[in-house]
Structure formats: structure tokens, C-alpha cells
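Okay, structure first, notes after.
Computed over heavy atoms, backbone and side chain alike; hydrogens, waters and symmetry mates excluded.
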Amino acid sequence: MLPQDSLSGAGVPPSGQAAPLLHGLNPEQLAAVTLPAGHALILAGAGSGKTRVLTTRIAWLLSTGQAAPGGILAVTFTNKAAKEMLTRLSAMLPINVRGMWIGTFHGLCNRLLRAHHKLAGLPQTFQILDTQDQLSAVKRLCKQFNVDEERFKPKELAYFFAGCKEEGLRPRDVPVRDEDTRNKVELYQLYEEQCQREGVVDFGELMLRSYELLRDNDPVRVHYQRRFAHMLVDEFQDTNKLQYAWLKLLAGDMVDGRLQTRGSVIAVGDDDQSIYAFRGARVGNMQDFVREFGVERQIKLEQNYRSYSNILDSANALIAHNSKRLGKNLRTSQGPGEPVRVYEANSDLAEAQWMVDEIRQLVQGGTATRSEIAVLYRSNAQSRVIESALFNVAVPYRVYGGLRFFERAEIKHALAYLRLLENPHDDTSFMRVVNFPARGIGARSLESLQDVARQIGCSLHDAVSSISGKAGANLGAFVAMIDVLREQTQGQNLRAIIGQMLQASGLIEHYRNEKEGADRLENLDELISAAESFVTQEGFGKDAVALPIDETGAPLTQSPASQGLDPNAPLLNQPLVDADTGETLSPLAAFLTHAALEAGDNQAQAGQDAVQLMTVHASKGLEFDCVFIGGLEEELFPHQNAMSDQGGLEEERRLMYVAITRARARLYLSHAQTRLLHGQTRYNLRSRFFDELPEECLKWLTPRQQGFASYAPDMRAVGAYQSGARGQSGFKSEAFTSPPVPPRKEAPAHGLRVGLAVFHTKFGEGKVLALEGAGDDARAQVNFPRHGTKWLALAVAKLTIVE
DNA sequence: TCGTCCGAGACCGGA
DNA sequence: TCTCGGACGA
């Protein structure tokens, strides 16, 4: 039933239209969907129907007439989530979703900055730097100012700049405590000047600049505050300080130290799934939100519709080890289901082989289709072994992550040319392609070009005319090529522009002559198709109607375009608009924006029934019937970089929690005793997370090793770990079922015995303390005076007996 | 100036 | 194992 008091006045269609929307919601979900106006926090556990609640809420607001499409702003973190929301919405309601602002933080900021680029102090065609571009911009800066790159590593500088921006700090705002910081802040200032001069913004700038735009321009801010009466924020636990401040600005103004809001904000989040602290996410925003917005309604969604209880209990038990939690426990009405299966492999190869065997059984036995099986891992590097194991037995698979479409070198090159067409002063793009394909412009020429540009204070493009000699001729030819191309492609469609660019730049020619160029040529072809489908989706062409603007120069709330009720209209948002002129951004400029904000899929063959391989981070928000989580070893998962502090470890645990809760019916966990990482074999302890799972939910496919500590690379580390959280490990003999593991017998074919002195190429001389295993599996424990005690796989380690 | 070779260092995660 | 940057010879 609809709460009567929340239906606001005139224009409300009969509630009969909304009723089907609400069908099948549980009481908490219903309460969340039909919340009356006002701010609210929804704590939504994994698999509790969060996205459904969000989209139904929007649909409910619209269908009851409480909101117009233009009055809604819904913000997410990933393009995937935004698309999902739009897809579901359009399935629920026969309305055009174009007038709504649904997108990622960065996407919406981009939209704001395009609309008000003058006020924001940006050229209309400003380009967006992705992480790669940003790094090369920083490197260029370092070269220019002769920065000691040993002392200030470009990567660290980029990270520092991004961190400042996430905190909302401009160079003048950064507290300087030491000389080191002072230098960094100076470089930060120079970096900003460089970006501004070149008309480019990085991801952090996108966010910070639009924050400042809203903060410093009252009419604009007020306009959007009025417009967005309903704001919904997904994955609120992942917001950083700046994003939260941005939301506050849109919601209302501070009056006498108190936030006076106009519309209502609904934040949906799960503190247990906060896995982005490394890029500035602040779980504390949830508490701040409750306090500063005066949130009175908090709803917990704890009913899980996804997993059986063995899986859910495991997740609950694991996450209970974290100290800082808002407190929430998932429950399910489904039965216990299958136990969580645990497997210990001798090596990463064996682990992968076991996974593949299990996967084939699942598929052949009809338990699951391939696309409903996911293999999750902590870091991308782990996918290799699994991929090759799958490949060997011809099981189709799909890897997420790694290089994505718009990040491939050839695509970046092509995009750089396109960017130069839009903005000749984009020095990052200039540098990228000025000598690619090679056209006789070497480091020397570029150095002098950069010198000249700095002296005059202009872009590289403009500095070219001041260079004389042979270098000047070559550079001149390059610039002329770009300028001619720009003129020639004026007014042409995107397909034609890209086609001509590929020819004129010599990219096609270059890759045609390259040995391994076929793939790259194919990708360049794919770029044209991508542009083509972008153009149709975004609705450029006949139905592209500019949004009208009001007296403040901002687009009007309700545009005729957004009301053009075309049920078959594409799902994406309306074209980017310049608020001053009402012009839509050119297809090329919009496409470049799209390419920067959405790195795209990494592989085609989407439709195929394939096993899904991805990192745990990438799996967030997804679910599968069967989930394998591999590499559950100390230093890998939890990752070694995260173990230095408590916060890091808790984040790793949340990551594990996310991984576990992806599974609906079957969950497999595994770890390997030895793993080839960074080109060398490592011996890792079984992950501590195993000890935090309830024994009764687990089924050990291999005997649970008591002597786990024997794999420690360093005895001191073992001591520290043993004295820590590790309690009594339950050794359940009845859990030993299939498949049987060959017993390890002493079979000293290697000629070693305890007490023998041996020599290792890396660790030097040492003494054998213990031996175990046989054949390929044989290991020796050796004490090296300088490197401590290690277990070495004799098949791998080169040990010679010292006479 | 260009291409290739080689050694060092990295690989945790993403808009 | 792979990528990057520097060195070196053509």
C-alpha cells in the first residue's frame, strides 16, 4: 500500500499505476522505495536488492508525479551501475529517461563543466586525461623543470596531486610541513598551470573544478539545487571527501553553520563493502551524512536474496572480525545449500588445473552454465595461469580487466590525433603522436621545441613556427598535416573524420607494415564502429535537440527534448550542451569525452557462454551461481601492501567479504603452497581468512594442514602471525572426502638429508633442517645464515650439496 | 634519428 | 613475466 501522506498534491496519477511497481517488495524495501520527502540513509547489504530499490524508487517518484524526469539526479561510481539503472528503469516505465541525470560522478561533473565551461574557466573542448595521460603529463613536467625523478617519482607525484584533489585542496591549501612537501606542492602548482594552459583536466580536476563551479557561482548552484529535488547516491560508502562536499553543495547551502537543504537526498551504501579507501573513499561520510543532513530515517536491508546460508554465514563470520562497522547481519530464508569447498594446491598451476577440472564437471553435470561461473582473484597477474589452463582444455572464458579498449596503445594514438583536431594546444597528445609513426622528429628537436614553447609561453603547436632548419621543416609538416586534416574534416560525420585521420596520420600504413600489426588494425577498425554506435546511441543527428536555457544561462528543468516520449529511444543521457549557446557538443568532442570517461570493455565476444575471470574489485555488484576465489594466501590476499596497518587489513577483509557474497549457490576457495609471481617462486602461508570462516560451513577437499607455518618464508613472520589472531584450528577428519590427495612419503631421491650443508644461487650457503614430499613435490627446509629459514621446492630451487 | 638490445623494477585496485 | 627507459650501433 502507498502511504497516503507522501503523495503530494495535484498531478498525481492514480496510484494504480504505481502499485505494480511495488509488487514483491519486502517490508524494508517497500519502506525505502516509498520514503516520504526528506533525507534518508539506506544500509543495503550484499544481495539485498539495492539496485532494485533504487530504480523502483525513481520509477515510483515519477509514476506518482512527485518528480519529473528532469528533477532527478542519481549518481553511481561505475558506468556499469549507471547503465544497469537506466536499463531497469526503462523496463519499468514507458518514459524517456533522457532528461534524468543518471551517471557516474565523473560523468555528471563532465556534463556540468561542459555546460558552464566559461564560468569554470575551461575551453569548451577541454580534454580529459586518464591515468596514463596524467602520468605522461607529469613526466613531461618533470623533464621540463629538471626534477630529480629519483627523488620525486612521477608516479608518486601523480598520486600526490590526485590525493590533494580528492581532498579538495588546491596548491595554496596544502599544509606544508617539510621541504619535501613544499617541493611537491610547487610541482602541483606547475602541473595545474600546465593543464590549464593545455586545456586538459584529469579525473580529480573534473570533480574539483565542478565543485568550485557550484561553490563560486550562486545562480548556477541555486539553479541545480532547485532542479534536483531528488538526489540518489549509490555506493555511498565509496564517496571521497570532495564528492561528499559536492553532494552537499547540490543539496543546499550552509546557513548559520547548518545545512539548509531544498531537495531530498537518499544515500544507499554498505560500509562492509567499502573497498576503495585507496583512492580516497571515506566510510565516515555515512556518519557525517546522518549528522549533517539531519537524517531521521535509516533503513537496513538485511534480507539477502542471493545466497544459501553456508555462503552467507561464512561472509557474516568473516566480516565480524572487523572492528569499525555500523553493524548489520545478512539473513536468508534459503537453506544451507552446498558447503563452501576449500582446496589446497601444491602450486598455482595445480590450483588452476583443479579449478578447470571442477568447472568442467559443473558444466558437464549441468550444475551451471559457463557464464554463471566466475573465477575471482586479488590481482590481475593471477589470471595468466588460469587462462592457460582453460585454454588448454578449450573452455571458453572471458577476462575482465587488463588493458581495456580505449587504453590500448593504437587506440590511444588514434585518439591523440583526434584530440589534436579538437584542441591543437593539447601538448600531451601532441607529444604522443608527433613522432608516431616516425617522421624524423627526434628527442633533440622536441627538446628545443619545448624550450621555445616555454619561453614564449605557448603550446607546442604554436611554437613550431619558431623552429628553423630541418627539425622545423619536419615539425611544420606534422602541424600542417593536422591543420589540413582539421579543415578537411570540417562538418563531416564522425566515421569520415576518423577514417581520414587514420589515413593521413599514417597509422594504418604503419601498422600494416608491422609484423604484429593485424590485431591493431582490427582495433582501429573497431574504433570506427565504436564511434558509429556512439553516435547513434547518443542520438546525434536529426533528433538532437538542444536544451533551452533560462536567464541564468543554465538549461531549463524540463526540456521538450526530454519529454519526447520515444519508448525506443536509446538509453544514454542527452547530448552534452553548452549552457551559454545551447549548442550541443560536436560528435567528435563528445566521443572523445566518452572515450576518456569510459575505458570500454576489454574484449569482444561478449555474447558467448564463457567462464568469467575478473578481480574481486571488478566483481563488485555482480553475482554468479558458482564462484571460485583463488590465491587465498598471506601477502596475496590479504595483499602485502595492505598488511602494514589495521585499516588496510580491514579493507582486505571487506574485499574478501565482497568476493564471498558474489556467489549464489556454490563457493570454492583455494590456495597454493607455491606460486610463481614476478618471475620467482614464492611460498606463502594460507590466508588468515580461512581461520575466520565457520568450520561447519566448510568442506575441505584436501586435508587441512596443521603445520601451516612450515611454509613460512621467514620464521620471525611466523611467530608474529601465530601469536596473533590464529586460534585453535579445528581439524575435522570427516571433512576429508574427495579427491584423495596422494600421501607424501619420504623418498630422498634428491640425495639430501637433514644436517647437510647446501648451496643456493641466491641465498648462499645453508643447512638442511627438514625434508618432506617426493618427486616434483619434494621440499627442503634450509636455514641460511643471511636470509633465514626457507622451504624450497627442490624441483625449482637450485641446490647443490656442499662437500 | 631510429631501431634494438638489455637490465632494472614492477604487479593491487579504477573513474 | 612483462614493460619501460637508457645505451648503443647503424
Item to check | Whole angstrom value for the distance that separates C1' of dG13(B) from CD of Gln382(A) | outcome: 12 Å
Checklist entry - Reckon Ile441(A) touches a base, only the sugar-phosphate, or nothing at all at heavy-atom distances under 4.0 Å? => result sugar-phosphate
Checklist entry - For Ser379(A) and His106(A), take the nucleotide of DNA chain B holding the closest heavy atom to each; which residue's nucleotide lies nearer the 5' end? => result Ser379(A)
Checklist entry - Under a cut-off of 3.5 Å for both distances of each Watson-Crick or G-U pair, what dot-bracket string does DNA chain C give, using [ ] for crossing pairs and | for inter-strand pairs? => result ||||||||||
Item to check | Asn641(A) side-chain N/O to dG13(B) phosphate OP1/OP2 under 4.0 Å | outcome: no
Next on the checklist: OP1 or OP2 of dC12(B) versus the side-chain N and O atoms of His639(A): is any pair under 4.0 Å?
Outcome noted: yes
Checklist entry - Quick one: Lys153(A) NZ to dA8(B) P, roughly how many Å, whole number? => result 16 Å
Checklist entry - If you look at every strand shown and take non-hydrogen atoms under 4.0 Å, does Phe105(A) touch a base, only sugar-phosphate, or nothing? => result nothing
Next on the checklist: Check the phosphate of dA15(B) against Asn79(A), side-chain N and O only, distance under 4.0 Å to OP1 or OP2. Yes or no?
Outcome noted: no
Checklist outcome for this item: From CZ of Phe436(A) across to P of dT1(B) the rounded distance in Å is 18 Å
Next on the checklist: With a 4.0 Å limit, can you tell me whether Arg279(A) has a side-chain N or O closer than that to the phosphate oxygens OP1/OP2 of dC12(B)?
Outcome noted: no
Item to check | Nucleotide nearest Asn435(A) (side chain, heavy atoms from C-beta), chosen from dG13(B), dC2(B), dA15(B) | outcome: dC2(B)
Checklist entry - Considering only side-chain heavy atoms of Ala381(A), which listed nucleotide, dC12(B), dC11(B), dG14(B), is closest? => result dC11(B)
Checklist entry - Parallel under 30°, tilted from 30 to 60°, perpendicular over 60°: which one fits the rings of His594(A) and Phe534(A)? => result tilted
Checklist outcome for this item: In whole angstroms, the gap separating P of dC11(B) from CG of Asn380(A) amounts to 12 Å
Item to check | Spacing of Lys139(A) atom NZ relative to dC4(C) atom C1', expressed in whole Å | outcome: 7 Å
Next on the checklist: For His321(A) and Phe689(A): C-alpha separation, side-chain torsions, deciding distance, then whether ring-ring contact (aromatic ring centres under 6.0 Å, His included) applies.
Outcome noted: CA-CA 10 Å; His321(A) 284 79; Phe689(A) 294 149; 9.0 Å; no
Next on the checklist: If you define the side chain from C-beta out and look only at heavy atoms, does anything of Leu73(A) sit under 4.5 Å from Tyr224(A)?
Outcome noted: no
Item to check | Minimal non-hydrogen separation, Val433(A) against Ala416(A), with atom names | outcome: CG1-CB, 3.7 Å
Item to check | Closest-nucleotide ordering on DNA chain B, the 5'-leading residue of Thr615(A) and Arg439(A) | outcome: Arg439(A)
Checklist entry - Out of dC2(B), dG13(B), dA15(B), which has the shortest distance to the side chain of Phe203(A)? => result dA15(B)
Item to check | Partner of Glu598(A) under side-chain hydrogen bond (donor to acceptor under 3.5 Å, both in side chains), chosen from His106(A), Lys83(A), Lys80(A) | outcome: Lys83(A)
Checklist outcome for this item: Per atom distances to the Ala438(A) side chain, the nearest of dC4(C), dC2(B), dC12(B) is dC2(B)
Checklist entry - With sugar-phosphate meaning primed atoms plus P, OP1 and OP2, does Lys620(A) contact a base, only sugar-phosphate, or nothing at under 4.0 Å between heavy atoms? => result nothing
Checklist entry - Salt bridge or not for Glu635(A) and Arg675(A), using N-O below 4.0 Å? => result no
Checklist entry - Which nucleotide, dC4(C), dG14(B), dA15(B), lies nearest any side-chain atom of Ala618(A)? => result dG14(B)
Checklist entry - Expressed in angstrom and rounded to an integer, what is the separation of Arg653(A) atom CZ from dG13(B) atom P? => result 21 Å
Checklist entry - Taking the six-membered ring for Trp, does Phe278(A) stack with dG13(B) (centroid gap under 5.5 Å, planes within less than 30°)? => result yes
Next on the checklist: Show the nearest heavy-atom pair for residues Lys412(A) and Phe406(A), with the distance to one decimal.
Outcome noted: CD-O, 3.2 Å
Checklist entry - Does Arg114(A) make a cation-pi contact with Phe126(A), if we ask for NZ or CZ under 6.0 Å from the ring centre and within 45° of the axis? => result yes
Item to check | Sugar-phosphate only, base, or nothing, as touched by Ser445(A) at under 4.0 Å among non-hydrogen atoms | outcome: sugar-phosphate
Checklist entry - How far does the C1' atom of dC12(B) sit from the matching atom of dG5(C), given to the nearest Å? => result 24 Å
Item to check | Separation of dG13(B) P from Met656(A) CE (nearest whole Å) | outcome: 17 Å
Item to check | Nearest-Å distance for atom pair CD/P, residues Glu635(A) and dC12(B) | outcome: 11 Å
Checklist entry - What nucleic acid atoms does Lys155(A) come within less than 4.0 Å of, heavy atoms only: base, sugar-phosphate, or nothing? => result sugar-phosphate
Checklist entry - Choosing from dG5(C), dG13(B), dT1(C), which nucleotide comes nearest the side chain of Arg384(A)? => result dT1(C)
Checklist entry - C1' atom, dC11(B) versus dG6(C): distance in rounded Å? => result 22 Å
Next on the checklist: Around atom CZ of Phe391(A), are there more than 12 heavy atoms from other residues, nucleotides or ligands closer than 6.0 Å?
Outcome noted: no
